[in-house]
Each structure stands twice: as C-alpha cells, then as structure tokens.
Trainee: 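Pasting in a structure now, in structure tokens, and then I'll have a few things to ask.
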Amino acid sequence: MFNLFKFASPASFYPLAGKLVTLFAIASVILLVIGLYMSFFVAPTDYKQGEGYRIMFIHVPAAWMSMFIYVVMACWAAAGMIWHTRLSSMMASALAPTGAMFTFLALWTGALWGKPMWGAWWVWDARLTSELILLFLYVGFMALESAIDDPRRAARASGLLALVGVINVPIIYYSVQWWNTLHQGSSIKVVKGGVETSMTEIMVWTLLIMTFACWFYTIAVALSRVRSIILERESDSSWVKEMLQGAKS
Amino acid sequence: MRDLTLAMRHRSDVLTTVFFFIIVVSLFPLGVGPEAQLLKEMAAGVVWVAALLASMLSLTRLFADDYHDGTLEQLLLVPQPLSLIVLGKVLAHWIISGLPLVLMSPLLGLQFGLEGDALIMLMLTLLLGTPVLSLVGSIGAALTLGLRGGGVLVSLLVLPLYIPVLIFGAGAVAANAAGMGAEGHLSLMGAILLLALVLAPWASAAALRISVE
Amino acid sequence: MSEWLAMGGHGFYIWGSFGVSALFMIVEVILVMRRRRSLVQRLGRMIRMKAEVSE
C-alpha cells in the first residue's frame with residue numbers, strides 16, 4: 001500500500017510514467033502489428049458477410065474502449081473526490097480525449113460497416129444511439145474542463161460531471177434500449193448478433209489482440225498526456241525546475 | 001419560500017419561458033407541413049423536446065443572481081445542509097419554469113390534434129418529468145456558475161442527461177396512443193424522479209462548493 | 001494484390017474504417033508528443049530567464 005501512495009505524488013509518478021509510456025507504446029505497436037496481420041491474412045472470410053466483417057476488428061475494440069475509458073475516467077474522478085489526490089483528476093482529464101476519439105471511431109467504423117451490411121450509414125439502433133450519447137458526454141466533459149480557467153476547479157468540476165455521467169450511463173442505455181424495442185416496427189432489424197454466434201476461434205483471438213493493442217495504446221497516450229499535465233500544473237515546484245535544468249546542462 | 005418570492009419578482013422570466021415553449025412547438029407544423037396524421041404522431045415528441053429546451057433557458061439564472069451578489073457564499077456557511085437549500089431553489093425554478101409548461105401542454109396538444117386521454121397522459125408525463133429536468137439541470141447550472149458562455153455550456157452538459165426523461169415521457173404518450181398502457185413508463189419516470197430527488201441536490205451542492213471556493 | 005485490396009467489393013468500407021482509425025491514432029500521438037515538447041521548451045526557457053534575472 002505504501003508503494004501506491006508514494007507514486008500518488010506527481011513528483012515521483014512523473015519519471016515512472018515516462019518509463020511506462022515507452023513500455024506500453026512498444027507493447028501496443030507489437031500487438032497492433034500481430035493483430036492487423038491476423039485481421040487481414042489469418043482470419044478466414046466470413047461465410048455470411050464476406051470480407052466486410054473485418055471492420056469488426058477495429059470497430060468492436062473501439063466501442064469497448066470508448067465505454068471502458070469512460071468508466072475508468074469516472075473511477076479516477078471518484079478517487080480524486082474522495083482522497084483529494086491531484087494525480088487522480090489529472091488522469092481523468094488525460095483519458096477524456098482518447099475516450100472521445102475511440103467513441104468517434106466506433107461510430108465512424110460502425111457507419112462504414114452498416115452501409116454494406118444493412119444498406120444504411122446510420123440506423124437508430126440501441127447500440128449506435130447509446131454510443132452517440134456517450135460521445136456527447138465526452139464532449140461535455142472536455143468542454144467544461146476547458147471553459148474553466150482555474151485548473152483546480154476545472155479538475156474537480158469535470159470530475160463531478162464524470163460521476164454524474166457514469167450514474168446516468170446505465171439509465172440512458174436501458175431507456176434507449178426500451179425506446180428501440182418500442183419502435184422496432186419502423187427500424188431495420190439489426191443482424192449484428194449473427195456475427196458473434198458464427199465467430200471462429202481465430203476471430204475471437206484476433207479481436208482480443210486488437211482490443212489489448214488499443215488498451216495499451218490508450219495507457220501509453222494517457223500517461224504521456226498526464227506527464228504534460230503534471231508539468232503544466234506543477235511548473236512552479238522545485239522538482240520540475242531541477243529536472244528541466246538537469247536536462248539542459 | 002424566499003426563493004419563490006424572489007423568483008416571482010422576475011415575472012417576465014415566466015412569460016419568456018412559456019412563450020419560447022409555445023413558439024418552438026408551433027414551429028414544427030410550419031417545418032413539416034400541416035398533415036394531421038403526421039402531426040398527431042409527432043405531438044408528444046415535439047412538446048417534450050420543446051419542454052427540454054424551454055427548461056434550459058432559465059437554468060443559468062438558477063444560482064447566478066445569488067452568486068453575483070454574494071448571497072451564495074453566505075449560504076455555504078449556513079448550518080442547514082446546502083442540499084436542502086438547493087432543493088428549495090430547484091423547487092422555485094420548477095414552479096416558475098416547469099409548472100407553466102405542464103399547464104400549457106394540453107393547449108399545445110390540441111393544436112396537434114391530440115384528444116382526451118392523450119392530453120391527460122401528456123400532462124401527467126410532463127408533471128413527472130419537468131421536476132427531473134430542473135433537478136438534473138441544477139447540477140449543470142452549479143458546475144458552470146460564473147463561466148463565460150455558461151448558457152451554451154449548460155445545454156451541452158445537461159441535454160444528454162435529459163434523454164431518458166425524454167424517451168419515457170414521449171414514449172408513455174405513444175404507448176398510450178397505441179393502446180399498450182403506459183403504467184410501465186410512468187412508474188419508471190416516477191423512479192427516475194425519486195432518484196433525481198435524492199441524488200441531484202446533493203450533487204448540485206457539491207458542484208456549488210467547487211464553483212464558489 | 002489489387003484483388004486483395006478490393007476485399008471482395010468491400011474495400012472502400014474496410015480501408016475507410018482502418019485508414020481513418022490509423023489516421024486518428026497517429027495524429028493523436030503526434031499531438032501529444034508535440035504538446036510535451038513545446039511545454040518542456042517553454043518551461044525550460046522560463047526557468048533560464050528567471051535564473052538570469054536572479055544572477
């Protein structure tokens with residue numbers, strides 16, 4: 001435990017994060033190369049969707065990451081609220097842009113997958129709609145954070161918003177699902193479920209590898225971003241000065 | 001009580017909100033054409049979306065006056081829990097901006113060709129839903145207190161959180177029209193209202209502390 | 001090769017998905033790195049200026 005609290009201080013976390021960034025960046029690149037190779041050369045053609053299903057290998061990880069990052073972000077925000085640790089709220093704000101990016105990518109690849117499969121770029125399916133709302137939540141988080149000048153207030157206010165958001169996410173999800181079943185008659189029957197049942201083992205492995213690649217990518221980018229945030233917020237502290245002067249001489 | 005009398009002094013605010021509501025609702029037939037059947041199907045959704053937008057209008061005023069004249073800082077020091085004070089303010093906000101919408105809604109429903117049962121259902125859902133709008137909105141208002149461009153920001157933060165209320169509110173009217181019975185929707189809206197009553201004042205109080213410190 | 005690129009007629013959709021995803025991820029990495037570099041430069045300049053003033 002004492003180990004954890006030692007690294008909860010920005011000064012000791014900064015160099016550790018630097019090492020972790022390199023580690024996760026390398027791991028992510030390796031997994032990406034393997035994952036992409038498997039996506040295009042190893043995974044067999046789907047008997048129902050042809051080659052088009054390969055979009056799944058980027059779409060599903062992006063969608064998973066978009067939701068997962070929001071939850072992680074809210075956890076960091078909660079930790080920041082409870083223990084008043086500076087680092088936690090910095091982590092939350094470092095994760096937000098990457099989360100928003102994955103949400104957008106999930107929507108984008110979803111549209112490109114939907115067009116050949118369902119014949120429409122966009123359907124008001126429960127999953128697509130929830131993902132769109134999630135994007136709004138990310139945008140709100142980032143907008144609030146950038147609108148507040150005082151970094152301490154910005155971190156705490158956006159943290160509270162993330163918590164309110166995460167409580168709302170299940171409610172939103174279920175309401176959207178209910179809304180979707182209510183209007184089932186008018187919407188196109190979504191056949192996405194068919195893929196999962198007919199997935200071969202190799203497809204599952206590819207999906208997992210791609211997901212881990214995205215996950216490590218997120219960790220690397222978020223840690224690198226948190227290093228910048230630490231430097232910005234702590235620019236007056238002595239350890240930053242010593243470190244920068246050490247690097248110069 | 002004090003909040004209410006203060007709020008009533010801004011009587012023009014009430015009128016602005018109500019007329020905004022009426023105008024937005026009236027724009028829809030002009031936009032999509034006067035087909036009676038289409039309008040009837042859209043009615044609940046249109047009234048509900050307009051209600052969401054109208055309740056956004058006065059949100060920024062919820063704490064802004066107290067913030068600018070320094071009352072808010074004193075309220076933070078009062079021995080009573082801040083969440084109760086927030087609840088009082090939210091109630092006042094609902095009475096001046098939510099209740100009028102509930103009372104106006106049957107009139108607008110008539111414009112869209114809704115009848116009897118559907119009108120009552122529309123009123124009922126608004127009665128259950130608009131307090132949630134004020135409660136959830138208060139969190140956004142507290143978070144954006146004193147920020148430049150606060151009004152637009154509030155809508156960005158709060159509108160996504162309004163979605164469940166919109167879905168169940170408009171859905172209840174639609175389900176009722178389809179003869180499926182709307183008890184499920186209404187009880188869910190009641191549950192959301194209870195949840196918001198418990199959590200929102202507390203979250204707003206926390207947000208106010210963050211914003212004022 | 002071109003047959004493989006065509007992906008059985010789904011080439012546009014597949015490369016559109018993977019291409020934009022790759023683009024976004026690369027751009028994000030570049031932005032993060034550039035932000036760090038300019039920040040380190042700026043802070044370094046500030047510290048040197050302060051040091052000169054105090055001397």
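Here is how names work: the chains are called A, B, and so on, in the same order as the sequence lines, proteins then strands, and each is numbered from 1.
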Trainee: Identify the two heavy atoms, one from B:Leu143 and one from A:Ala157, that lie closest to each other, and give their separation to 0.1 Å.
Mentor: CD2-O, 3.5 Å

Trainee: Suppose we screen for side-chain hydrogen bond (donor to acceptor under 3.5 Å, both in side chains). Which residues come up paired with A:Tyr217, at least two apart in sequence or across chains?
Mentor: C:Glu28

Trainee: Heavy-atom cut-off 4.5 Å, strictly under: side chain, backbone, both or neither for B:Leu188 against chain A?
Mentor: side chain

Trainee: Answer yes or no: are there more than 12 heavy-atom neighbours, outside B:Trp94 itself, under 6.0 Å from its atom CH2?
Mentor: yes

Trainee: Over all heavy atoms of both residues, which pair between B:Leu153 and A:Ala147 is shortest? Give the atoms and the distance, please.
Mentor: CD2-CB, 3.6 Å

Trainee: Counting only heavy atoms closer than 4.5 Å, note whether B:Leu161 contacts chain A via side chain, backbone, both or neither.
Mentor: both

Trainee: Return the option, out of A:Leu137, A:Ile133, A:Leu144, with the maximum number of heavy-atom pairs under 4.5 Å with chain B.
Mentor: A:Leu144

Trainee: Could you report the tightest heavy-atom contact between B:Pro164 and A:Ile172, atom names first, then the distance?
Mentor: CG-CG1, 3.7 Å

Trainee: Determine whether B:Leu195 and A:Ile171 make a side-chain contact, defined as any pair of heavy atoms from C-beta on separated by less than 4.5 Å.
Mentor: yes

Trainee: Measure B:Leu159 against the heavy atoms of chain A and call it side chain, backbone, both or neither at under 4.5 Å.
Mentor: neither

Trainee: What parts of residues 125-132 of chain B touch chain A if we use heavy atoms and a cut-off under 4.5 Å?
Mentor: none

Trainee: Between B:Leu147 and chain A, which part of the residue has a heavy atom less than 4.5 Å away: side chain, backbone, both or neither?
Mentor: side chain

Trainee: At their closest point, which heavy atom of B:Ile167 faces which heavy atom of A:Ser175, and how far apart are they?
Mentor: CG2-O, 3.5 Å

Trainee: Is it the backbone or the side chain of B:Ile210 that comes under 4.5 Å from a heavy atom of chain A, or both, or neither?
Mentor: both

Trainee: Kindly compute the distance separating CG (B:Leu208) from CG (A:Leu160), expressed to the nearest 0.5 Å.
Mentor: 10.0 Å

Trainee: How close do B:Leu156 and A:Ala143 get, heavy atom to heavy atom, and via which atoms?
Mentor: CD2-CB, 3.6 Å

Trainee: If I measure from the heavy atoms of chain B, does A:Val169 come under 4.5 Å with its side chain, its backbone, both, or neither?
Mentor: neither

Trainee: Among A:Asp149, A:Leu163, A:Leu132, A:Asp150, which residue forms the greatest number of heavy-atom pairs with chain B at distances under 4.5 Å?
Mentor: A:Asp149

